[in-house]
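Residue numbers start from 1 in every chain, and the chains themselves are labelled A, B, ... in the order their sequence lines are given, proteins ahead of strands.
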There are 2 protein chains.
Amino acid sequence: MVQQRLLDVAIDQFGRLGFEGASTRDIAGAAETAMSSITYHFGGKEGLYLACADFIAEQIVKRLDPVFADLCDPSALDRDQAIEQMLRIVDGFCGMMIDQASAPWARFIVREQQAPTEAFERLWRGAMGPVLDSCSAVLARIRPDMPPRELRAMCMLVFGQTMVLRAGRASVFKALEVDEFSAQDAAMLRALLRRNTFAILTAEMEP
Amino acid sequence: MVQQRLLDVAIDQFGRLGFEGASTRDIAGAAETAMSSITYHFGGKEGLYLACADFIAEQIVKRLDPVFADLCDPSALDRDQAIEQMLRIVDGFCGMMIDQASAPWARFIVREQQAPTEAFERLWRGAMGPVLDSCSAVLARIRPDMPPRELRAMCMLVFGQTMVLRAGRASVFKALEVDEFSAQDAAMLRALLRRNTFAILTAEMEP
DNA sequence: GTCTATACTACGATAGAC
DNA sequence: GTCTATCGTAGTATAGAC
């Protein structure tokens, strides 16, 4: 499928070089098609860019689906169940962040966050917003005292611990003195993350 | 100073548009000088880019200096002092991440991390590496049982919580339903972060 | 639907006046 | 040191063949 090949290459190129830096010539070339296919299928460079955002949102939802599948009604969870659920969610994020498959998506998204455009709106509405809603619903069962905005902020901070594995990957590599994560590294990071998250979720309110 | 104006504009443009996306014409124009000044002062586009990295590293070290100033010998700290020190460091990071002044640096750095070049080496050697070393030395006093690589990984995860405030700022804004951080938002985030960090640092080793 | 060919614009680098 | 002028290259878009 030409469209799919174009999307795959475009996500990679836009992620690495940015919207302005990527060239439709190169994208079409790497997708082994003519430059004018972009115009035909997506209406131009910008249309291709937005289609990338939509596609990524779709993929993220698909990737996280198993994590959220058995979470039909968060308000039915008791505290311990909610904690266990939250640990599973964070571990799911962590897996996605460590996984090589998320690299192109992550590059694209991280770049969008720095200077958000219409593409970010689509990413948020399509994937990130719904995920945050689910997370804060679970967290609300653990911290019933917390106001909604604080719950959401808390989710973002916890999420930040996993995000650094992607958005700050070059630094994490330097810190661990490696060029890629070994299975042992991944296991260590997951274990640390689970422990940190558990500590955060179960801490007393007043330090 | 023409050089300084060029650096300021270049950090902004490179951060927003990437190396390939930014144009020396626009940079020179916004810095109110001729395009050929870039060749004269920095040897070309790439020289300017690397000079940006060096300048940012310098600024970060300067910005964090008060936080690390009274940390001459981390190995002399007892556990409680080390915890207090770590909380101060994280709060310092948090302040830097929330501060508008760090926005252009962050854009530049986050972009570099996605596809590291020589500029990232300079950022790491100049600022991030030394900061990590200091942090893990302090953390070692709190977790004397932890192997060095795990200490460094732990620092990165804790750091991730603050990094999300910059690298994932667009998402945090969405989560809090704002367009910029109010003083109250900043205070809430700092308080949450302090509490989370305290919980992580003082948690039992086995969850 | 997919390609080739082409029009038009903007890019980085540099030579040379001042 | 700073500017203007210009060269060669690479960008997007589009018209038209097949």
Side-chain angles (χ1 to χ4, degrees), chain A residues 1-56 58 104 107-108 111-112 114-120 122, chain B residues 1-56 104 107-108 111-112 114-122:
Chain A
M1 197 73 161
V2 176
Q3 274 147 293
Q4 191 54 54
R5 285 208 311 277
L6 278 171
L7 280 177
D8 288 339
V9 174
I11 289 169
D12 188 68
Q13 296 286 307
F14 283 137
R16 287 183 195 280
L17 306 171
F19 179 78
E20 294 86 354
S23 103
T24 52
R25 258 185 169 78
D26 291 351
I27 291 171
E32 293 174 314
T33 183
M35 201 180 16
S36 48
S37 306
I38 293 173
T39 313
Y40 180 77
H41 287 294
F42 303 100
K45 192 184 191 182
E46 192 166 328
L48 177 59
Y49 190 74
L50 294 176
C52 288
D54 290 335
F55 180 72
I56 290 171
E58 202 182 300
R107 271 192 291 267
F108 190 99
R111 199 168 285 268
E112 254 307 303
Q114 301 310 296
T117 68
E118 164 66 17
F120 179 70
R122 298 191 182 202
Chain B
M1 195 75 159
V2 176
Q3 273 147 294
Q4 191 53 54
R5 284 207 313 275
L6 278 171
L7 280 176
D8 287 339
V9 174
I11 289 169
D12 188 67
Q13 295 285 304
F14 283 136
R16 287 183 194 281
L17 306 171
F19 179 77
E20 295 86 354
S23 103
T24 53
R25 268 187 163 77
D26 290 351
I27 292 171
E32 295 175 313
T33 182
M35 199 182 18
S36 48
S37 307
I38 293 173
T39 313
Y40 181 77
H41 287 293
F42 302 100
K45 193 184 190 182
E46 192 166 327
L48 176 59
Y49 189 74
L50 294 175
C52 288
D54 291 334
F55 180 72
I56 290 171
R107 270 191 292 266
F108 190 99
R111 197 169 284 265
E112 256 307 305
Q114 303 307 298
T117 68
E118 164 68 17
F120 179 70
E121 293 294 324
R122 297 191 183 204

Parallel, tilted or perpendicular, as decided by the 30° and 60° cut-offs, for the rings of Phe14(A) and Phe19(A): parallel
Check whether any side-chain N or O of Tyr40(B) sits under 4.0 Å from OP1 or OP2 of dG1(D), and answer yes or no. yes
Please give, in whole Å, the distance from dG12(C) P to His41(B) NE2? 18 Å
When we call it a touch if two heavy atoms are under 4.0 Å apart, what does Thr39(A) touch: a base, just sugar-phosphate, or nothing? base
Counting the atoms with a prime plus P, OP1 and OP2 as sugar-phosphate, which does Ser23(A) contact under 4.0 Å by heavy atoms, base, sugar-phosphate, or nothing? sugar-phosphate
Would you classify Ala28(A) as touching base, sugar-phosphate or nothing, given that sugar-phosphate means primed atoms plus P, OP1 and OP2, and contacts are heavy atoms under 4.0 Å? nothing
Partner of Thr117(A) under side chain to side chain donor-acceptor pair (under 3.5 Å), picked from Glu112(A), Glu46(A), Arg122(A), is Glu112(A)
Could you check how far CE of Met35(A) sits from P of dG11(D), rounded to whole Å? 9 Å
Comparing nearest nucleotides in DNA chain D, the 5'-proximal residue of the pair Gly21(A), Ser36(A) is Gly21(A)
Measure CD1/Ile38(B) against P/dA15(C) and give the value in whole Å, please. 17 Å
Here the distance between atom C1' of dG11(D) and atom CZ of Arg25(B), to the nearest Å, is 13 Å
Could you give the CD-to-C1' distance, from Glu32(A) to dC3(C), as a whole number of Å? 15 Å
Nucleotide nearest Lys45(B) (side chain, heavy atoms from C-beta), chosen from dA13(D), dA13(C), dT2(D): dA13(C)
Round to the nearest Å and state the distance from Leu17(A) atom CG to dA10(D) atom C1'. 14 Å
Any idea which of dC11(C), dT4(C), dT2(C) is nearest the Thr33(A) side chain? dT2(C)
